[in-house]
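Okay, structure first, notes after.
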Number of protein chains: 4
Amino acid sequence: MDDTDTKAERTRRRILDAAAHEFAVHGYGGASLRRIAAAAELKVGSLYFHFKTKDDLVGAALADGVESARLQLVAGLRAVPADATPQQRLRAAIRSHLDALHASDDRATAVVRMVDTLPPNLRAAHSTSERRFGRVWLDILRKGQIDGSVRPDVNARVLRDIVVGALNSTSSANPNTLKDLAQFADTLATLVAPPPAAIPSGRR
Amino acid sequence: MDDTDTKAERTRRRILDAAAHEFAVHGYGGASLRRIAAAAELKVGSLYFHFKTKDDLVGAALADGVESARLQLVAGLRAVPADATPQQRLRAAIRSHLDALHASDDRATAVVRMVDTLPPNLRAAHSTSERRFGRVWLDILRKGQIDGSVRPDVNARVLRDIVVGALNSTSSANPNTLKDLAQFADTLATLVAPPPAAIPSGRR
Amino acid sequence: MDDTDTKAERTRRRILDAAAHEFAVHGYGGASLRRIAAAAELKVGSLYFHFKTKDDLVGAALADGVESARLQLVAGLRAVPADATPQQRLRAAIRSHLDALHASDDRATAVVRMVDTLPPNLRAAHSTSERRFGRVWLDILRKGQIDGSVRPDVNARVLRDIVVGALNSTSSANPNTLKDLAQFADTLATLVAPPPAAIPSGRR
Amino acid sequence: MDDTDTKAERTRRRILDAAAHEFAVHGYGGASLRRIAAAAELKVGSLYFHFKTKDDLVGAALADGVESARLQLVAGLRAVPADATPQQRLRAAIRSHLDALHASDDRATAVVRMVDTLPPNLRAAHSTSERRFGRVWLDILRKGQIDGSVRPDVNARVLRDIVVGALNSTSSANPNTLKDLAQFADTLATLVAPPPAAIPSGRR
DNA sequence: AATGAATGAGAATTCATTCAT
DNA sequence: GATGAATGAATTCTCATTCAT
């Protein structure tokens, strides 16, 4: 709808993709507009037609990255068959998050690599979309505590921070073999799941 | 004994501390030798008497940071009274790690903020000390699985990655209230602990 | 008649006005086509429909500015009642010149702010219209030497340079109060007038 | 005394001289640090060892220029023989001012070429030294009104503005022949001098 | 052991200008 | 008549680094 496929729109996309990669590799402070422009097949000056300033581009990349991860998360959940068990839903969420970081482009990774070194103004602007993303995970875990896929004896918010923190920490792992990530996902799901005894009869 | 407190040795310490702060705030790519020198009350050129290049300083700061965290970890464990329960030992470890990130200087934080954007050569050099640090946590968790303070149904190595990942992810949280961190530690300990039912007889 | 009020003509006027302001504020070297375009409510590229190059626009603004000042000068003189004294005519000229710089738009000021830093080619092109303007003042002063409103014991050309120089120098004065300018005009007129004793009898 | 002839001091002088020329030719907005550096036989980056920013250099050049003109003015006056007539003293002042603009380096000219297009902050900083310079001329004229070398029937302050304005306006005149300037000086002195008839016999 | 003074490369940003639409 | 999109050169400024003192 707003996705009018104008030339500018397409160039902007190319820039954002190139920027995501640059930010993912070099972080906020180490990123170079020169390299971003080159990767987007533009001259540096041309970037400024699309983004007023470097921080403007950073802001756009952050929003883009979080939104991309959020969409991947909800899409992953929506793809779970209706008759799936709550456990399967939880695992789908974990898998989606990991996929956003490892199996897709660099948009989500860029966010993880930039957040801790952002200057205050950018951090503030970013926190809004970050919160929105956090709410999705909070929902997942809270519902899980109700439907029995998540242990109910811990604060959901804190649990969310642990889960998301652990997931994001995989971003710096070297070329993760799929197997490693799968095991990571499994283990995390196990930790989050209610302890066996607490699981109502039918579960075993 | 090697702690020869020469003038150079003291200056080197000042530089490393200033560098830790700079790296913690700006990351690898965004750090400036000029600012580091200023914070260490030196002129830029003088840095080169103590470190051959920026990457040399980065390497030293990384080693320093990991070593500092490792020492804080083992010190924290050693401080646990001999008659403490295994659970208490685990919590002490968690607390020590969080303290290294939040209650001490920036040496440990600097590491966390730099690792993901390190250039390959530095990353390689760093991986050794990182592994050494990882082994400490691996030990803790493995022993925990034996003494009953850590759930035995998960791979210790993967569990270690999750725990350390979650702990490190707190480094970007804004001025953490002590309470938040305490709750974070508690919850993490709960997740890692064996599920109540799974703990054989005497435990309940 | 040639004042065909086409759309292009109107836009051109808007550009020239915006340019005058920009040149008055920033001088030749500091002026930006982007700001001029913005002030004229156009995009930069659109300027090029009306002016082939920046220097072309500068040339037009210079001509426009001098012509505006010249017209204001002759208009000011023409407005003097036929029965006015020569002194009144002289004062009217001075007042007109000051008004062009302070009470009107920035067209005359733009000229004053640009002339000394013009590149040779533009300076050459400009000198023609400047000379034309200078001739008006020369006429005024020469006639004044004849009709007794200007002291006859000085070279008219040099006097012109002094008078015009002094008048133009007011352009950089901060928000001139009208009173200041009036006193400036009075004093200048006094200096230029023939010394009392030199005034022929009948004049009183 | 403070003129310690260090290497930095000498380089700074070279930069200021080069800057004066650049500013005199191109004005504030049109000046280029590249050209200044080249003229001072330095690389651009090296300028920053001596001046923190372009505006810092501009500020220094302005102060340097005004001070240079002021010193030339007082030196010119001091050089007048004690038995000289008041008229001769006045002419000496005029000549000194013109010399500062035409016969010396570009330091004074740079000021004249920059003042009207200075950004507010620089203008404010500059106004102080400008006022100090203005006071010298005010003194000259006031004393002149007492000793009979300056007509007493005009406000000294306004007269100062006219005189200085006229003098400064010569800065844009093309390669002034010495003769032109001499005549300019003579004529200006004539205008400023008391009208012959007005000087009553014994200076009553 | 540290400073002073410089360098060359690269940073982000703005410039005037072009040209297809 | 005007805009959208891009370019290449220039802008100021900061970087890590060197080396004589």
Side-chain angles (χ1 to χ4, degrees), chain A residues 6-12 29-37 40-57, chain B residues 6-12 15 29-37 40-58, chain C residues 6-12 15 29-37 40-58, chain D residues 6-12 29-37 40-57:
Chain A
T6 81
K7 186 181 185 195
E9 202 58 50
R10 271 175 284 129
T11 305
R12 199 185 142 92
S32 149
L33 289 189
R34 259 176 159 71
R35 284 191 298 250
I36 292 174
E41 293 181 289
L42 280 173
K43 309 294 164 171
V44 225
S46 309
L47 290 182
Y48 287 79
F49 182 80
H50 302 274
F51 298 94
K52 271 210 287 288
T53 171
K54 185 188 184 182
D55 279 4
D56 193 21
L57 172 55
Chain B
T6 80
K7 183 181 185 194
E9 201 58 48
R10 269 176 286 129
T11 304
R12 195 186 146 92
I15 296 174
S32 149
L33 288 190
R34 270 178 156 77
R35 281 192 299 251
I36 291 174
E41 294 179 291
L42 282 173
K43 311 289 166 177
V44 226
S46 312
L47 292 182
Y48 287 80
F49 182 83
H50 301 273
F51 299 94
K52 270 213 290 285
T53 122
K54 184 187 185 183
D55 280 3
D56 193 22
L57 171 55
V58 169
Chain C
T6 79
K7 185 181 183 193
E9 202 58 47
R10 268 176 286 132
T11 305
R12 196 186 145 91
I15 295 175
S32 149
L33 288 191
R34 269 177 157 78
R35 281 192 300 250
I36 291 173
E41 295 179 291
L42 283 173
K43 312 288 166 176
V44 226
S46 312
L47 292 182
Y48 287 79
F49 182 83
H50 302 274
F51 299 94
K52 271 213 289 284
T53 123
K54 185 187 186 183
D55 279 4
D56 192 22
L57 171 55
V58 169
Chain D
T6 83
K7 186 181 186 195
E9 201 58 49
R10 272 175 283 130
T11 305
R12 200 186 141 92
S32 149
L33 291 187
R34 256 179 161 69
R35 282 190 299 250
I36 292 173
E41 293 180 288
L42 280 173
K43 309 295 165 175
V44 223
S46 308
L47 290 182
Y48 288 81
F49 181 80
H50 302 275
F51 298 94
K52 271 211 285 287
T53 172
K54 185 189 183 181
D55 279 5
D56 192 22
L57 171 55

Partner nucleotide of [N] by Watson-Crick or wobble geometry (both distances under 3.5 Å):
N      : result
F/dA5  : E/dT18
E/dA1  : none
F/dT12 : E/dA11

Would you mind reading off the distance between C/Leu33 atom CG and E/dC15 atom P, rounded to a whole angstrom?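 About 9 Å, once rounded to whole Å.
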Between C/Arg34 (CZ) and E/dA16 (P), how many Å, whole number?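 Roughly 8 Å, once rounded to whole Å.
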Does any non-hydrogen side-chain atom of C/Arg12 lie less than 4.5 Å from one of C/Ile15?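 Result no, sub-4.5 Å side-chain heavy-atom pair not found.
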Going by heavy atoms in the side chains, are A/Tyr48 and A/Leu33 under 4.5 Å from each other?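 A/Tyr48 reaches A/Leu33 side chain to side chain.
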5' to 3' on DNA chain F, which nucleotides open and close the contacts with chain D (atom under 4.0 Å from a heavy atom)?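 Counting from the 5' end, contacts occupy F/dT11 to F/dT14.
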Spacing of CG belonging to B/Asp55 relative to OG1 belonging to B/Thr53, to within rounding of 0.5 Å: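 Interatomic distance, B/Asp55 CG to B/Thr53 OG1, rounded to 0.5 Å: 4.5 Å.
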Pair A/Ile36-A/Leu57, side chain to side chain contact (heavy atoms under 4.5 Å, CB included): steps then yes or no: CA-CA 11 Å; A/Ile36 292 174; A/Leu57 172 55; 4.1 Å; yes
Which atoms form the tightest heavy-atom contact between B/Ala37 and B/Lys43, and what is the distance?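 Heavy-atom minimum between the residues: CB-C, 3.9 Å.
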Heavy-atom pair of closest approach, residues C/Leu47 and C/Leu42: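 Taking every non-hydrogen atom into account, CD2-CD1, 4.3 Å.
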I want to confirm an ordering. Mapping B/Asp55 and D/Lys54 to their closest nucleotides on DNA chain F, which one lands closer to the 5' end?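 It is D/Lys54, whose closest nucleotide lies nearer the 5' terminus.
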If each of C/Tyr48 and A/Ser32 is mapped to the nucleotide of DNA chain E with the nearest heavy atom, which maps nearer the 5' terminus, i.e. the 5' end?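 Upstream on the strand: A/Ser32.
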Pairwise 5' ranking along DNA chain E for A/Thr53 and C/Ala31, keeping only the more 5' one: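 Nearer the 5' end of the strand: A/Thr53.
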Write out a two-atom table: protein N or O, nucleotide N or O from nucleotides 1-3 of chain E, distance below 3.5 Å.
unit_1, atom_1, unit_2, atom_2, d
E/dA2, OP1, B/Thr11, OG1, 3.1
E/dA2, OP2, B/His50, NE2, 2.5
E/dT3, OP2, B/Lys43, N, 3.2
E/dT3, OP2, B/Ser46, OG, 2.6

